[in-house]
K.L.:
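Provided herewith is a single structure, encoded as structure tokens, for subsequent inquiry.
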Amino acid sequence: MEAKEHWFLQGFLVLATVIAQGATSKCPSSPLCYKKTETATTYTCEWVTSESMKNVTYELFYRRSNSSENRTSLGRDRKSYICVNDNTVINKVPVDIWVVASMGNWTCQSLRTSVILSERVKYEAPQSMSMSRSSSNLTLSWDNKKVPEGAVIEVRFRRLGETSGTWKTFKTEVKQAIVTLENLQNQSVYQLQVRQKSKLVKHPLWSDWTPILDVPPEIQNPPEVNWTVKDFNNGTRLLKLTWGTPPYPVSMQVNYNLSLHIWPCLLKRKNFTNVTTTEFSVYVTYSAVSGDIVAFNKVGKSSPTHILVPAKHLTFPSKSWPDDKLIPFNYSHGFAKSCLEWYKLTDGETRPEKVNRSKLNGAVNEKLKSIRLKMDDYVRYYYLVHKQTDGKPQTTEMCLMYKEQGAPSKAPILNVNVTTNSAMLHWKPIPVPDQQGFLTHYEVCYTKRNQTECHNISASKTEYLVQNLTPGSMYIIHLAGATAVGLGPRTTIHIVTKLLPQSIIGWIIAGIIVLIAILITVCLFIIKRHKIKIFPPIPHPVVEESVNYRARNQDMYEMEEVHELQLHDNCSQDPNPEEATVLEVSETYECEDMDEKCLGDSSTPVSDPLSPDHKGQVLHLETTDPSQGEIDCEVTMLMYRNGLVFDMKAYSTEDVGTPL
């Protein structure tokens, strides 16, 4: 029995302890009482409650420590804190303070806390934090209206992306609401929290931490601004500005302060502050637009970027302003929001810092006369007239003008590139201040041996090619600008064209020779092709070719053999021709000569040809005239040579007798 009772009592104690712990967990924590500042007359007591406890009423009690007096209520509320005035408690003696929570029939009391209220101070967390970052230093500042002189500041910080790491802490005493962190990485993003406590009271309490603050890096470079202009050709342009963001996380918000002067009729600029995007569009006139843009974030701002959009200037000259006609002259008094803008163009493009503006109201002509009196002669001016149409700024008129023109005061700067037969001229335009009027043209003259040739070139040109020059010759070149008034000073330069190289001369001579040869060949070909037409043939009698000649030329180079030669002597003394003596020569020889003199010197032509079987035939010697008193014989000699027969006759036997 004793054992069972022991276990029963032990189990009851455990159950009671669990119930007591459950009830205690629902009770508020011991109250923490403090003053917000050393000079405040109000105390704040706060405690921690369970989130599951709703519709609970809390009442704050106190009693002097080590005293049997009754408890005194300091107030009741459903909030987790109660503010107590200084005149209701004894703030310089120890007191016990506790909280009682009640809901229906259920009540719960916190543990008691013994404090001296005047010695416990808890400041509020720093308010309105501002940051400034320069190089590797970060300066923090906050509102110090409720913070007396002298406090301890604690800062904990870490680099962004190192959220799992531990915080680095920094503590220091400050006399003002400002503290500086050093040796930070310049291009890194940090997170930090700040709290503070008093250093003048005996038991100071730390304030709550500020919310986590993101610290972006310093903006080192100004924004790079690009602009584009869309011209509607009605006096209005759409200006679009774009720029890039600094190279750090998107969560680091960057704002821009943009200041632009877009309406020429107002002398002050219109500011567009806190532009959160990276682009901006606005309608503008044809006048120049100027302004500045600055990027800024939590830690500072960049240096300003100056924006200058030039005016839309005319690309063609206008006329001067004569005395008898004012320009412009067609204004009416209905332009309530109109103005005239005019200024000098010192370099032809840039608008000077000082711009003259006049409102067009009242006596317009009188105002224009006064404007004209202020203008200088021989100086180019640019004027524009602006007004607003449907809420958009618009330029209604624009003009380049001179009060009075003059001839140019300076000559253009000339450079020349010379070849063998040409010269390329390059020059710089005459500066606008030296033009003293609208250039109409340039005049180029070049002289050789007192022969001058001049040409007019457009005022928009800056180069000219002089051609057809003689190699190795000297020329004098003049260049001058001209306005409606006349020519200005001339630039004079002497040049000598280059000589032709020797190799080129040789090639030229060779080319001429080849050309002549080609012409001769072509002429001969034409003459040959048309010979009959150019040289008609002369008629002549037809001569038949001799048979003996053909026989002689059949085979000129073939050797001929003579096998037998017979001579017949027919004299007048022998009446019987049949009894004639027959001479036979049976010796064979070769004839080496192609001429007819192989057998003698007789030039008697061949009379009768023989038959092809001439070998073995007989040569007959006959008497041609038997009636003559002397014994004369006619000798006939035949020579055989491959079928060719030579008939040689003589009137005396003496001529042929001896050789035989």
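Predicted model only: the values in this text are computed from it and were never measured.
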K.L.:
Minimum heavy-atom separation for M131 to D214, with atom names?
P.N.:
CE-O, 3.8 Å
K.L.:
For a side chain to side chain donor-acceptor pair (under 3.5 Å) check, start with the C-alpha distance between Y383 and N356, then their side-chain angles and the critical distance, and finish with the verdict.
P.N.:
CA-CA 9 Å; Y383 81 88; N356 303 297; over 6 Å; no
K.L.:
Answer yes or no: are there more than 12 heavy-atom neighbours, outside K301 itself, under 6.0 Å from its atom NZ?
P.N.:
no
K.L.:
Quick check: does any side chain N or O of R133 sit under 3.5 Å from a backbone N or O of K298, one acting as donor and the other as acceptor?
P.N.:
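Side chain of R133 to backbone of K298: no pair is present.
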K.L.:
Hey, does R120 have a side-chain heavy atom less than 4.5 Å from the side chain of L205?
P.N.:
yes
K.L.:
Examine distances only and state if a side-chain atom of E154 and a backbone atom of T169 form a donor-acceptor pair shorter than 3.5 Å.
P.N.:
no
K.L.:
Over all heavy atoms of both residues, which pair between Y286 and M398 is shortest? Give the atoms and the distance, please.
P.N.:
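Nearest heavy atoms, Y286 then M398: CD1-SD, 3.3 Å.
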K.L.:
Between T210 and V194 (side chain of the first, backbone of the second, donor and acceptor by atom type, cut-off under 3.5 Å), is there such a pair?
P.N.:
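Confirmed, T210 side chain pairs with V194 backbone.
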K.L.:
Indicate the atoms forming the closest heavy-atom contact of P28 with T49, along with that distance.
P.N.:
CB-CG2, 3.9 Å
K.L.:
Mark yes when over 12 heavy atoms from residues, nucleotides or ligands other than I178 sit less than 6.0 Å from its CD1; otherwise mark no.
P.N.:
yes
K.L.:
Before you tell me yes or no, could you show the steps for V289 and V282 under side chain to side chain contact (heavy atoms under 4.5 Å, CB included), namely the whole-Å CA-CA distance, both residues' side-chain angles and the distance that decides it to 0.1 Å?
P.N.:
CA-CA 11 Å; V289 178; V282 64; over 6 Å; no
K.L.:
Report, as yes or no, whether the 6.0 Å neighbourhood of atom NZ on K410 holds more than 12 heavy atoms from other residues, nucleotides or ligands.
P.N.:
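Counting neighbours around NZ of K410, 12 or fewer heavy atoms of other residues, nucleotides or ligands fall under 6.0 Å, so no.
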K.L.:
Between F438 and Y402, how do the two ring planes meet: parallel, tilted or perpendicular, split at 30° and 60°?
P.N.:
perpendicular
K.L.:
Is it the case that the side chain of N257 and the backbone of P304 share a donor-acceptor pair, with hydrogens and angles ignored and the cut-off at 3.5 Å?
P.N.:
no
K.L.:
Report yes or no: do S141 and S130 form a side-chain donor-acceptor pair below 3.5 Å?
P.N.:
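A pair is found: one side chain offers a donor N or O, the other an acceptor, under 3.5 Å apart.
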K.L.:
Please assess N55 against R78 for the test side chain to side chain contact (heavy atoms under 4.5 Å, CB included), listing each intermediate value before the final yes or no.
P.N.:
CA-CA 7 Å; N55 299 324; R78 290 188 176 184; 4.0 Å; yes
K.L.:
How many angstroms lie between CD in E218 and OG in S135, if you round to the nearest 0.5 Å?
P.N.:
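One gets 7.5 Å once the value is rounded to the nearest 0.5 Å.
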K.L.:
Are W47 and I82 close enough that some pair of their side-chain heavy atoms sits under 4.5 Å apart?
P.N.:
yes
K.L.:
For E341 and R357, work out which heavy atoms get closest and say how close.
P.N.:
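Closest pair (atom of E341, atom of R357, distance): OE2-NH2, 4.1 Å.
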K.L.:
Does some side-chain heavy atom of T113 sit less than 4.5 Å from a side-chain heavy atom of C33?
P.N.:
no
K.L.:
Evaluate the side-chain proximity of T395 to S287: yes if any heavy-atom separation is below 4.5 Å, no if none is.
P.N.:
no
K.L.:
For the CH2 atom of W427 and the CG atom of N415, what is their distance to the nearest 0.5 Å?
P.N.:
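If I round to the nearest 0.5 Å, the distance is 11.5 Å.
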K.L.:
Please lay out, stage by stage, how S460 and S458 fare under the test side chain to side chain donor-acceptor pair (under 3.5 Å).
P.N.:
CA-CA 5 Å; S460 61; S458 172; 3.1 Å; yes
K.L.:
What distance separates L140 CG from L181 CG, expressed to the nearest 0.5 Å?
P.N.:
5.5 Å
K.L.:
Any chance you could measure N137, atom CG, to E182, atom CD, to the nearest 0.5 Å?
P.N.:
5.0 Å
K.L.:
Can you tell me how far OG1 of T277 sits from CG of N255, rounded to the nearest 0.5 angstrom?
P.N.:
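It is 10.0 Å, given to the nearest 0.5 Å.
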K.L.:
Does L400 offer a backbone N or O that forms a donor-acceptor pair with the side chain of R380 under 3.5 Å?
P.N.:
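The answer is no, because no donor-acceptor pair under 3.5 Å joins these two groups.
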K.L.:
If you count every heavy atom of other residues, nucleotides or ligands that lies below 6.0 Å from N274 atom CG, does the total exceed 12?
P.N.:
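It does: N274 CG has more than 12 such atoms within range.
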K.L.:
At their closest point, which heavy atom of T107 faces which heavy atom of S102, and how far apart are they?
P.N.:
CG2-CB, 3.8 Å
K.L.:
State whether the side chain of N234 and the backbone N or O of T236 hold a donor-acceptor pair below 3.5 Å, judged by distance alone.
P.N.:
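Present.
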K.L.:
If you round to the nearest 0.5 Å, how far is CG of D231 from CG of L238?
P.N.:
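It is 10.5 Å, given to the nearest 0.5 Å.
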K.L.:
Can you tell if the side chain of E124 reaches within under 4.5 Å of the side chain of S207, non-hydrogen atoms only?
P.N.:
no
K.L.:
According to side chain to side chain donor-acceptor pair (under 3.5 Å), who are the partners of Q185, at least two apart in sequence or on a separate chain?
P.N.:
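Q185: side chain to side chain donor-acceptor pair (under 3.5 Å) contacts with R159, S188.
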K.L.:
Treating Y381 as the side-chain partner and D376 as the backbone partner, does any N or O pair qualify as donor plus acceptor under 3.5 Å?
P.N.:
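Present.
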K.L.:
Walk me through it: do D96 and S65 pass the test side chain to side chain donor-acceptor pair (under 3.5 Å)?
P.N.:
CA-CA 5 Å; D96 295 335; S65 300; 2.8 Å; yes
K.L.:
Is the backbone of A125 close enough, under 3.5 Å, to the side chain of Q127 for a donor and an acceptor to pair up by distance?
P.N.:
yes
K.L.:
Among all residues two or more places apart in sequence or in another chain, which pass the side chain to side chain donor-acceptor pair (under 3.5 Å) test with Y382?
P.N.:
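Checked Y382 against side chain to side chain donor-acceptor pair (under 3.5 Å); zero matches.
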K.L.:
Please evaluate residues L384 and H386 with respect to the criterion side chain to side chain contact (heavy atoms under 4.5 Å, CB included), reporting the C-alpha separation (whole Å), side-chain torsions for both, the decisive distance (0.1 Å), and the verdict.
P.N.:
CA-CA 6 Å; L384 307 96; H386 311 291; 3.6 Å; yes
K.L.:
Might you point out which heavy atoms bring K387 and W263 nearest each other, and give the distance in Å?
P.N.:
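For K387 and W263, the tightest heavy-atom pair comes out as C-CH2, 3.6 Å.
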K.L.:
Quick one, L260 and L241 - any side-chain contact, counting heavy atoms below 4.5 Å?
P.N.:
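Yes, their side chains come closer than 4.5 Å.
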K.L.:
Say whether, by atom type as modelled, one donor and one acceptor occur between the side chain of S128 and the main chain of D143 under 3.5 angstrom.
P.N.:
no
K.L.:
Taking atom OH of Y81 as the centre, does the number of heavy atoms from other residues, nucleotides or ligands within less than 6.0 Å exceed 12?
P.N.:
no
K.L.:
Looking just at side-chain N and O atoms, do S80 and Y58 make a donor-acceptor pair shorter than 3.5 Å?
P.N.:
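S80 vs Y58: no donor-acceptor pair found between side chains.
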K.L.:
List the steps and the verdict of side chain to side chain contact (heavy atoms under 4.5 Å, CB included) for V152 and W206.
P.N.:
CA-CA 9 Å; V152 178; W206 284 107; 3.7 Å; yes
K.L.:
What do you reckon, C45 and C83 SGs under 2.5 Å?
P.N.:
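Not so, these two cysteines form no disulfide.
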K.L.:
Under a 4.5 Å cut-off applied to non-hydrogen side-chain atoms, are H203 and Y34 in contact?
P.N.:
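No, too far: nothing below the 4.5 Å cut-off.
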K.L.:
With heavy-atom distances below 4.5 Å as the criterion, would you say the side chains of L138 and L192 are in contact?
P.N.:
yes
K.L.:
Name the one of Q109, R71, R76 that satisfies side-chain contact (heavy atoms from CB on, under 4.5 Å) with F61?
P.N.:
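With F61 as partner, side-chain contact (heavy atoms from CB on, under 4.5 Å) holds for just one option, R71.
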K.L.:
Could I get the full list of side chain to side chain donor-acceptor pair (under 3.5 Å) partners for S73, not counting sequence neighbours?
P.N.:
E59
K.L.:
Would you say CD of Q220 has more than 12 non-hydrogen atoms from neighbouring residues, nucleotides or ligands within 6.0 angstrom?
P.N.:
yes
K.L.:
Could you check whether any side-chain N or O of T285 sits under 3.5 Å from a backbone N or O of G235, counting only pairs where one atom can act as donor and the other as acceptor?
P.N.:
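The answer is no, because no donor-acceptor pair under 3.5 Å joins these two groups.
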K.L.:
Just one of F280, F296, W243 clears the ring pair (Phe, Tyr, Trp, His ring centres under 6.0 Å) bar with Y256, so which one?
P.N.:
W243
